[in-house]
Amino acid sequence: MMKIQTKELDDQLILQVEGRLAGAFVPELENCWQVALVNQPKRKISVDLKSVTCIDRAGRCLLQSMHRQGVGFLRAGLAVQDILEQIMEQAECKH
């Protein structure tokens, strides 16, 4: 299960993600992100990953794509932080 809440903070839109960023839930986050890009193109988008418990390959790929397009990541736990560091080091997602 995964839950996404949006929060506006100054010039930033924060997508707060809770649960598993895996499987069928990955497109849900991608859709929220794409809608935010269309509806608020000038606003900086960040993803709060503090409450994420699991990230699979599709989730990593999405986060990598988001990172390449300027999305910031906030408050990740230790396991997720390690994944984020790997994502930020990689230039391109390998399928």
Should Ile55 and Val52 count as side-chain neighbours, where that means a heavy-atom distance under 4.5 Å? yes
Nearest 0.5 Å please: distance from the CD atom of Gln86 over to the CD atom of Gln81. 11.0 Å
Under the salt bridge (Lys or Arg N to Asp or Glu O under 4.0 Å) rule, what pairs show up with a residue in residues 36-51, not counting sequence neighbours? Glu8-Arg43, Asp48-Arg75
Solution key, residues 9-21 side-chain donor-acceptor pairs under 3.5 Å, sequence neighbours excluded:
| unit_1 | atom_1 | unit_2 | atom_2 | d |
| --- | --- | --- | --- | --- |
| Gln12 | OE1 | Ser46 | OG | 2.4 |

Measure the spacing between CZ of Phe73 and CD1 of Ile83 and express it to the nearest 0.5 Å. 11.5 Å
Identify the heavy atoms of Leu29 and Ile4 that sit nearest to each other, and give their distance. CA-CD1, 3.5 Å
Look up atom OG in Ser65 and atom CZ in Arg60, then write down how far apart they are to the nearest 0.5 Å. 15.5 Å
State which residues pass side chain to side chain contact (heavy atoms under 4.5 Å, CB included) with Asn31; sequence neighbours excluded, sorted by chain then number. Val35
Taking side chain as C-beta onward, heavy atoms only, is Gln69 less than 4.5 Å from Trp33? yes
Do Gln34 and Glu30 have side chains that get closer than 4.5 Å, going by heavy atoms? yes
Could you state the interatomic distance from CD1 (Ile87) to CD (Gln64), rounded to the nearest 0.5 Å? 6.5 Å
How many angstroms lie between atom NZ of Lys7 and atom CD of Gln5, to the nearest 0.5 angstrom? 9.0 Å
Taken to the nearest 0.5 Å, the spacing of Leu62 CG from Arg57 CZ works out to 15.0 Å
Is there a path of hydrophobic side-chain contacts, each under 4.5 Å between heavy atoms of I, L, V, M, F, W or Y residues, that connects Ile45 with Leu74? no
